[in-house]
Amino acid sequence: MTLLRALACQVIALALTLGLAFWLPVFHYPAVFLFTQGGLALGCSWLVRLPAWWMPMHALFLPSAVLLFALALPSWIYLLIVVLMTLIFWGTIRGDVPLFLSSPEVAQAVVALLQREHAQAFADLGSGVGSIAIPIARQFPGIKVNAWERAPLPWLVGAWRGRRLANFSASRRSFFAVNFEPYDVVFAFLSPAAMPEVSEKIKREMRSGTLFISSSFPAPNWPPESVKPVNDRRKTVLFCYRIK
């Protein structure tokens, strides 16, 4: 459904820009036409409440396509670009969760929380290339660390990075098919769109007294036990929820 709305935004923006070009000669200039279409697509994306990461994609889609066409590159390069983008941004293309990479400072903040919790089992939801899970598995060889990532290329990178860590495993299964009951701490860096469903699953399945950590995006209608700012470039905030 998200992908269909995104496609509709591009089509509507293109139709409106073509209409403007029919009546106003200024829109015959390629730069004016392209950036007007991009701006209209961005506005449409905002109106239909697509996730925020779609907005730059809408704004730059047609200008980027025209630029690539003007470069007259071999056809196999376009196919390669599509394949690589699909492998990297699988969740975004399907309308789910984009690829967000956590900073080393966030990893150290999570390490400190794990030390306080005396955790024995840790899960990373939407683990990307293992930015959080790999440092934790290295620093705590006695903790079982499970990472879940659906995008093929980030999952492969994470699995390769952790291949020599006996306490680490990376899976491409959807974490919605996993029961969170065995985990003492669960970490997630997902998106606002995913948080309602994820937080309800967490509440149902995690044991009383365990900890859920959400990076950047709070769980709706669930007051956190604590909020921990991280001094990284993104000014990340960790929302910590104690399971009752």
Side-chain angles (χ1 to χ4, degrees), residues 90-91 96-191 194-195 197-219 222 224-228 230 232 236-244:
W90 183 268
D96 302 326
V97 179
L99 177 65
F100 290 136
L101 300 180
S102 296
S103 66
E105 292 84 359
V106 171
Q108 287 308 305
V110 177
V111 163
L113 289 168
L114 282 173
Q115 289 173 327
R116 186 194 72 184
E117 295 294 314
H118 304 290
Q120 297 301 308
F122 172 82
D124 185 357
L125 313 183
S127 59
V129 298
S131 304
I132 298 297
I134 297 294
I136 287 174
R138 286 174 177 161
Q139 190 150 341
F140 300 105
I143 293 180
K144 179 178 72 173
V145 177
N146 295 140
W148 309 89
E149 174 57 54
R150 290 204 319 184
L153 195 53
W155 164 79
L156 184 61
V157 172
W160 175 258
R161 292 180 63 203
R163 68 194 183 283
R164 294 177 179 168
L165 298 170
N167 61 329
F168 171 81
S169 68
S171 175
R172 275 209 67 227
R173 289 174 58 205
S174 169
F175 53 72
F176 284 109
V178 179
N179 191 315
F180 296 149
E181 191 273 339
Y183 299 104
D184 303 308
V185 177
V186 172
F187 173 85
F189 188 11
L190 301 172
S191 76
M195 289 309 297
E197 189 175 1
V198 170
S199 59
E200 288 304 314
K201 180 175 173 61
I202 289 287
K203 291 178 186 178
R204 287 195 309 269
E205 297 178 359
M206 288 189 73
R207 306 184 314 277
S208 176
T210 55
L211 187 69
F212 172 54
I213 306 168
S214 177
S215 178
S216 302
F217 307 114
W222 189 5
E225 176 185 76
S226 62
V227 176
K228 299 188 177 300
V230 178
D232 63 356
T236 302
V237 176
L238 301 180
F239 298 90
C240 303
Y241 302 89
R242 183 70 59 185
I243 311 303
K244 304 292 186 182

I would like to know whether Ile243 and Lys203 meet side-chain contact (heavy atoms from CB on, under 4.5 Å); could you show each step before the answer?
CA-CA 7 Å; Ile243 311 303; Lys203 291 178 186 178; 5.6 Å; no
Item to complete: List the steps and the verdict of side-chain contact (heavy atoms from CB on, under 4.5 Å) for Ser208 and Lys244.
Response: CA-CA 5 Å; Ser208 176; Lys244 304 292 186 182; 5.6 Å; no
Run the side-chain contact (heavy atoms from CB on, under 4.5 Å) check on Phe180 and Ile202 step by step: do they pass?
CA-CA 7 Å; Phe180 296 149; Ile202 289 287; 3.4 Å; yes
- I would like to know whether Glu149 and Arg173 meet salt bridge (Lys or Arg N to Asp or Glu O under 4.0 Å); could you show each step before the answer? CA-CA 7 Å; Glu149 174 57 54; Arg173 289 174 58 205; over 6 Å; no
**Message:** Using the rule given for side-chain contact (heavy atoms from CB on, under 4.5 Å), can you reason through Phe239 versus Phe217, listing the C-alpha separation, both sets of side-chain angles and the distance that settles it, and then say yes or no?
**Reply:** CA-CA 7 Å; Phe239 298 90; Phe217 307 114; 5.9 Å; no
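Remark: Arg138 CZ to Asn167 CG distance equals 11.0 Å, nearest 0.5 Å. Rounded to the nearest 0.5 angstrom, Ile213 CD1 and Glu225 CD are separated by 10.5 Å. Rounded to the nearest 0.5 angstrom, Asp124 CG and Ser131 OG are separated by 8.5 Å. Note: Leu190 CG to Ser214 OG = 6.5 Å, rounded to the nearest 0.5 Å.
Closest heavy-atom contact between Phe189 and Ser216: CE1-OG, 3.5 Å. Heavy atoms only, all atoms of each residue included: Ile134 and Val129 are closest at CG1-O, 4.4 Å. Of all heavy-atom pairs between Ala109 and Leu238, the closest is CB-CD1, 3.8 Å. When all heavy atoms are compared, the tightest approach of Leu211 to Cys240 is CD1-CB, 4.1 Å. The two residues Ala159 and Phe168 have their closest heavy-atom pair at CA-CE2, 4.4 Å.
With Arg207 contributing its side chain and Glu181 its backbone, the two residues share a donor-acceptor pair below 3.5 Å. Of the possible polar contacts, one joining the Asp184 side chain to the Ala121 backbone as a donor-acceptor pair under 3.5 Å is found. The backbone N or O of Glu105 sits nowhere less than 3.5 Å from a side-chain atom of Asp232 that would complete a donor-acceptor pair. A donor-acceptor pair is defined here as one N or O able to donate and one able to accept, closer than 3.5 Å; no such pair exists between the side chain of Asn146 and the backbone of Ala170. Not a single donor-acceptor pair under 3.5 Å links the side chain of Thr210 to the backbone N or O of Met206. In this structure a side-chain-to-backbone donor-acceptor pair under 3.5 Å is missing from Ser127 to Gly130. Tyr241 places a side-chain N or O within donor-acceptor distance of the main-chain N or O of Ala219, the cut-off being under 3.5 Å.
Salt bridge annotation for Glu205-Lys201: present, with a cationic side-chain nitrogen under 4.0 angstrom from a carboxylate oxygen. Checked for salt-bridge contact, Arg242 and Glu117 meet the test: a charged N lies under 4.0 Å from a carboxylate O.
The cationic group of Lys144 lies under 6.0 Å from the six-membered ring centre of Tyr183 and within 45° of the ring axis, placing it in a cation-pi geometry.
Within a 6.0 Å sphere centred on CZ of Arg164, heavy atoms belonging to other residues, nucleotides or ligands number 12 at most.
Within the 4.5 Å cutoff, no side-chain heavy atoms of Val186 are placed close to those of Phe122. Looking at Val185 and Leu113, their side chains never come closer than 4.5 Å, going by heavy atoms from C-beta outward. Here the side chains of Trp222 and Phe212 are in contact, with some heavy-atom distance below 4.5 Å. Inter-residue side-chain proximity for Phe187 and Ser102 is flagged as met; some heavy-atom pair is nearer than 4.5 Å. Contact check for Arg172 versus Pro152: side-chain heavy atoms found under the 4.5 Å cut-off.
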